[in-house]
There are 2 protein chains.
Amino acid sequence: MAVPVPATPASTVPEPKYWHLRTVLVRTIDGEFSTGQVLPNERELAARFGVARATLRQALDQLELEGRLVRRRGIGTLIAAPRVGVPVGRGDEGWPSAGRSPSWRSVDCVSAPASAQLAQSLGIPAGETVHTVRRLRLVQGQIMAAESLHVPDSAVPHLPAVPQLIGGAGESDRARSVLRQLERLGVDGESRSVELGVAEAGEAALLERPPGTPVLVVTTQYAAAGRLVALAVSTYRSDTCKLTFGETGLVEVTPVEAARTA
Amino acid sequence: MAVPVPATPASTVPEPKYWHLRTVLVRTIDGEFSTGQVLPNERELAARFGVARATLRQALDQLELEGRLVRRRGIGTLIAAPRVGVPVGRGDEGWPSAGRSPSWRSVDCVSAPASAQLAQSLGIPAGETVHTVRRLRLVQGQIMAAESLHVPDSAVPHLPAVPQLIGGAGESDRARSVLRQLERLGVDGESRSVELGVAEAGEAALLERPPGTPVLVVTTQYAAAGRLVALAVSTYRSDTCKLTFGETGLVEVTPVEAARTA
DNA sequence: AAGTGGTCTAGACCACTCT
DNA sequence: GAGTGGTCTAGACCACTTT
């Protein structure tokens, strides 16, 4: 209010300040900054552009959503690395390999009666036992996704008997057993969906991100012999991941920006 | 500040108010509201929960990102309809059909030299002519996505001669020609990626959304005879779309929420 | 202790929609 | 004109990281 300067004299439809700011910042960071570099702090940036800090933050929020910036408490705002292409789909990445796939790390495994909604999703009677394996997907040593893999007990009848109450030590073994049994079934088909979501407490913790972090939610139905044998719900970090599908990289990675704006 | 009530007495790590608010709102709208219903206005909600309007809005932002709410200027905040599953991939949906596919509507078509980055993405020399068809994807009469389909001139040498300067009337014809030529090539393979983005001015207008709207950016490389013949960049509305891949719905749609939280 | 981003407030004005 | 969401401000305090 102190400064009544209509720097953009307003044509017909005044562009919001934060959006204009974003545009300026995009040009600046694409031009003068490189990955890992830290921007001036928010208070200084706000002063420099003559806006309130909240307005500046609105612009930074956008850039963070686009994966261009990373903000770290107590540290500062830095230029993000380009997103990593993460293969999703058929092949070694797609199907849970019980062996030493370097890509996945099992976290825990619980066996419990299916909730009504989960039962419906799996096409089983409510209350039937479902084994849920939680695991993390690592790419280049970084946590990219957290997954809950739900397997109806009826799909893996040959699981080794294990006490229902599981001590923490046994969980890893149990997860392995479930994955191994699944592998033996052989998979006929997969059906997937991708949508935008936000991570709540549990997922957020696994992803090492604050609650509310936007994620790409990938839901996969695995079928064997025409029957649904597993349902995987994977939440991928949308800031660092680009999901890739299909013929494993017909051509190399494609920079998108120019193609969108050109 | 008037009310120093620490409703949640803080365990070890105080949960942000807006996050707690979101949780409360989720329970409320899942329980007592149904699609299309309007919530009380923001000022009243803020008062009711004893928070500033900005804090309430932070919670609503989250819910909108999740596709649970839709906010309309001058109208109010309403419960959103469930996301629509949109097939992406092989089949009639995946490949541009020049004919009367009810799913796509061509907007315009421009032919211009490729920018450096676009040329690289297409694997052609910079400056080569590229035909860009812009079109909209409609599902159930609703605009779901905007697409730019880039086709190198060398991939469609049999295009009917048309003056370079195109009157608005002829664009629709030209778009049809490009799509038809593409169809005749036959497609060997497709390679896709999905990532989170935001719509800028042009896209936003086509999608009938404000700039900054989050979108799912789908980049598709089309190959014919081992050669890259087209690059499609499609931006899907993340609030209303759930992208589906694979064997066209092995089982019916899967509600995700329960599976994630269970 | 100093510096950073994260949260929250109370209020103002604007743009849009409907009556 | 009344009511709604969208933008913006100026300031405060908190949580986290580093020195």
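Residue numbering restarts at 1 for every chain, and letters A, B, ... go by the order of the sequence lines. Predicted model, so just to flag it, every value in this text is computed and none were measured.
- For dG3(D), the base has no donor-acceptor partner in the side chain of R43(B) [N/O atoms by modelled type, under 3.5 angstrom].
- Considering only residues two or more places apart in sequence or on other chains, T244(A) meets the side-chain hydrogen bond (donor to acceptor under 3.5 Å, both in side chains) condition with none of them.
- If you check residues 53-61 of chain B against DNA chain C, the residues with a heavy atom closer than 4.0 Å are R53(B), A54(B), T55(B), Q58(B), listed by number.
- At whole-Å resolution of the value, NE2 in H20(B) and P in dC8(C) are 12 Å apart.
- Taking the side-chain hydrogen bond (donor to acceptor under 3.5 Å, both in side chains) definition, one finds that T220(B) meets it with R192(B), sequence neighbours left out.
- For P16(A), counting side-chain heavy atoms from C-beta on, the closest listed nucleotide (dA10(C), dT9(D), dC8(D)) is dC8(D).
- Scored by the salt bridge (charged side-chain N to carboxylate O under 4.0 Å, His left out) test, R48(A) finds E44(A) as partners (sequence neighbours excluded).
- Legend: residues meeting side-chain contact (heavy atoms from CB on, under 4.5 Å) with Q58(B), ordered by chain and number and at least two apart, are Y18(B).
- Scanning for side-chain contact (heavy atoms from CB on, under 4.5 Å) contacts around I143(B) gives L136(B), L138(B), L207(B), E208(B), with sequence neighbours left out.
- Distance, F49(A) CZ to dC8(D) P: 14 Å, rounded to whole Å.
- Residue E208(A) contributes atom CD, which lies 16 Å from atom C1' of dC16(D) at whole-angstrom precision.
- To the nearest angstrom, P of dG6(D) lies 13 Å from CG of L45(B).
- Between D108(B) and R174(B) there is no salt bridge, since no side-chain nitrogen of the basic residue lies less than 4.0 Å from a carboxylate oxygen of the acidic one.
- Proximity of K17(B) to the phosphate of dT9(C): a side-chain N or O atom is located under 4.0 Å from OP1 or OP2.
- Annotation: salt bridge (charged side-chain N to carboxylate O under 4.0 Å, His left out) contacts of E64(B) (sequence neighbours excluded): R71(B).
- Between the CD atom of Q62(B) and the P atom of dG6(C) there is a distance of 13 Å, rounded to whole Å.
- Nucleotide dC8(C) holds its C1' atom 18 Å from the CH2 atom of W19(B), rounded to whole Å.
- Looking at residues 72-82 of chain B, you'll see R72(B), R73(B), G74(B), I75(B), G76(B), T77(B) sit with a heavy atom under 4.0 Å from some atom of DNA chain D.
- Here R134(B) does not pair with E147(B) in a salt bridge; the nearest charged N to carboxylate O distance is not below 4.0 Å.
- Spacing between atom CZ of R71(B) and atom C1' of dT17(C) amounts to 17 Å, rounded to whole angstrom units.
- Taking a 4.0 Å limit (strictly below) on heavy-atom distances, residues 28-41 of chain A reaches DNA chain C at N41(A).
- Residues passing the side-chain contact (heavy atoms from CB on, under 4.5 Å) test with P214(A), sequence neighbours excluded: L65(A), L196(A), S238(A), L65(B), L196(B).
- For the OP1/OP2 pair of dT7(D) and a distance below 4.0 Å, the side-chain nitrogens and oxygens of Y18(A) include at least one atom meeting the criterion.
- Pairs engaging residues 232-241 of chain B under the salt bridge (Lys or Arg N to Asp or Glu O under 4.0 Å) rule: R209(B)-D239(B), R237(B)-D239(B) [sequence neighbours left out].
- Judged as a side-chain hydrogen bond (donor to acceptor under 3.5 Å, both in side chains), and not counting sequence neighbours, the contacts of S34(A) are Q37(A).
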